[in-house]
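Okay, so here's the structure we're looking at.
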Amino acid sequence: MSLERAAELVATAQHGLALTGAGVSAESGIPTFRGEGGLWTKYDPVKVSSIESFLADPTSYWSVSKDRGRVALAARPNPGHMALAAMEAAGYLVAIVTQNTDGLHQDAGSKRVIELHGSGRMVRCLECGRLEARSEVQTRLEVEMPPRCLTCGSAFLKPTVILFGEPMPAAAMHDALELAGQADVMLVVGSSLVVHPAAEVPLVAVRAGARMIVINAEPTPFDRFAEVVIHGRSGEVLPQIVALIGA
Ligand code: APR
Ligand code: ZN
């Protein structure tokens with residue numbers, strides 16, 4: 001019933017927008033942050049993933065990021081990512097706004113992906129600005145902790161992701177909120193919707209008249225604002241919606 005209603009809604013979308021979170025990559029093997037087995041059930045995010053803790057001690061950041069980075073670099077898009085790319089290709093989605101930094105939406109073929117929390121695929125030296133691929137730095141982590149800049153030797157190499165305490169990327173935030181204000185269907189997938197301002201995006205869309213669908217493994221604070229709520233795995237639910245709309 002909810003599946004059919006979600007498909008009907010997606011099929012009406014002229015300006016559909018998706019917001020995704022870590023749950024959409026869970027079936028690619030990348031652990032989520034919250035919920036069962038989430039990263040923040042093991043570590044205090046402020047201690048290991050804030051700009052303040054990073055600058056105080058890059059080693060503590062990299063000792064957690066090393067494993068997560070290895071998993072993310074090896075991960076491949078799952079049927080949920082593919083289904084979202086198919087919805088965009090069929091014209092039901094104009095963009096995906098993602099909180100994820102794993103690049104799997106792009107790997108799945110999604111063309112317009114707005115990364116609110118940056119990308120984990122690049123690393124920047126905070127001192128000289130040198131950019132390097134994360135995959136290059138990942139190999140050095142086996143013998144060098146924390147990794148050092150190949151140009152200036154700095155120990156302050158940071159993935160181009162937004163850590164707690166850092167400002168949101170202005171252009172990405174602007175584009176996301178602009179598209180949210182124009183959206184007629186807002187599809188929220190795999191997010192606990194507890195981190196702002198990313199969680200503002202669906203609220204802006206609903207306030208502007210968008211009809212919201214929430215697909216998540218467990219209840220979210222925004223279920224009450226959604227026209228359709230499906231508690232399930234995105235890698236199963238999204239392809240079923242695509243099959244129903246024939247995208
Ligand atoms: N399908 C759908 N939902 C799933 C699946 C799945 N296969 N597996 C887990 N989930 C749900 C979880 O129940 C949880 O509610 O995905 C949600 C993931 O929530 P979080 O781990 O909080 O991820 P997210 O909402 O993206 O976090 C936002 O917090 O720590 C910061 O920067 C980090 O971008 C992240 C932000
Ligand atoms: Zn440098």
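Atom set for the values below is all heavy atoms of this structure, side chains included, hydrogens, waters and symmetry mates excluded. All ligand and atom numbering here is 1-based and tracks the order in the structure.
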Task: Option among N78, N100, D107, D102 that satisfies the side chain to side chain donor-acceptor pair (under 3.5 Å) test with S28 - done: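 One option only clears the test, and that one is N78.
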If you count heavy atoms of other groups shown closer than 6.0 angstrom to [atom1] of [X], is the number above 12?
X: Q182; atom1: CD; answer: yes
X: E52; atom1: CD; answer: no
X: E142; atom1: CD; answer: yes

Task: For H231, the option from D223, I215, V214, T220 that meets side chain to side chain contact (heavy atoms under 4.5 Å, CB included) - done: D223
Pairwise, report which nitrogen or oxygen atoms of ligand 1 are under 3.5 angstrom from protein nitrogen or oxygen atoms, and how far apart they are.
unit_1	atom_1	unit_2	atom_2	d
ligand 1	1 (N)	S234	N	2.9
ligand 1	1 (N)	S234	OG	3.3
ligand 1	3 (N)	A217	N	3.1
ligand 1	7 (N)	E27	OE2	2.7
ligand 1	13 (O)	E218	OE2	2.8
ligand 1	15 (O)	N216	ND2	2.9
ligand 1	16 (O)	G190	O	3.4
ligand 1	16 (O)	N216	OD1	3.3
ligand 1	19 (O)	S192	N	3.3
ligand 1	21 (O)	F33	N	2.7
ligand 1	21 (O)	R34	N	2.8
ligand 1	22 (O)	R34	NH1	2.7
ligand 1	22 (O)	S192	OG	2.6
ligand 1	25 (O)	S191	OG	2.7
ligand 1	25 (O)	S192	N	3.0
ligand 1	25 (O)	S192	OG	3.4
ligand 1	26 (O)	A22	N	2.8
ligand 1	27 (O)	R34	NH1	3.1
ligand 1	29 (O)	R34	NH1	3.0
ligand 1	29 (O)	R34	NH2	3.2
ligand 1	30 (O)	R34	NH2	3.4
ligand 1	30 (O)	W40	NE1	2.8
ligand 1	32 (O)	H117	ND1	3.4
ligand 1	34 (O)	Q99	O	3.1
ligand 1	34 (O)	H117	ND1	2.9

TODO: Using the rule that two of Ile, Leu, Val, Met, Phe, Trp, Tyr join whenever any of their side-chain heavy atoms come within less than 4.5 Å, decide whether I114 and I96 are in one cluster.
DONE: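 No: no chain of side-chain contacts under 4.5 Å links I114 to I96.
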- [ ] Give a yes or no answer on whether the side chain of D184 reaches the backbone of H15 with a donor-acceptor pair at less than 3.5 Å.
- [x] yes
Donor-acceptor contacts under 3.5 Å from residues 39-47 side chains, at least two apart:
unit_1	atom_1	unit_2	atom_2	d
T41	OG1	G38	O	2.4
K42	NZ	G37	O	3.3
D44	OD1	V46	N	2.9

Open item on the list: Run the salt bridge (Lys or Arg N to Asp or Glu O under 4.0 Å) test against E144 and tell me which residues pass, sequence neighbours left out.
Closed with: R140
Task: Residue-atom pairs from the protein, N, O or S only, that lie under 2.8 Å from the Zn ion (ligand 2) - done: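 Metal shell, protein only: C125 SG, C128 SG, C149 SG, C152 SG.
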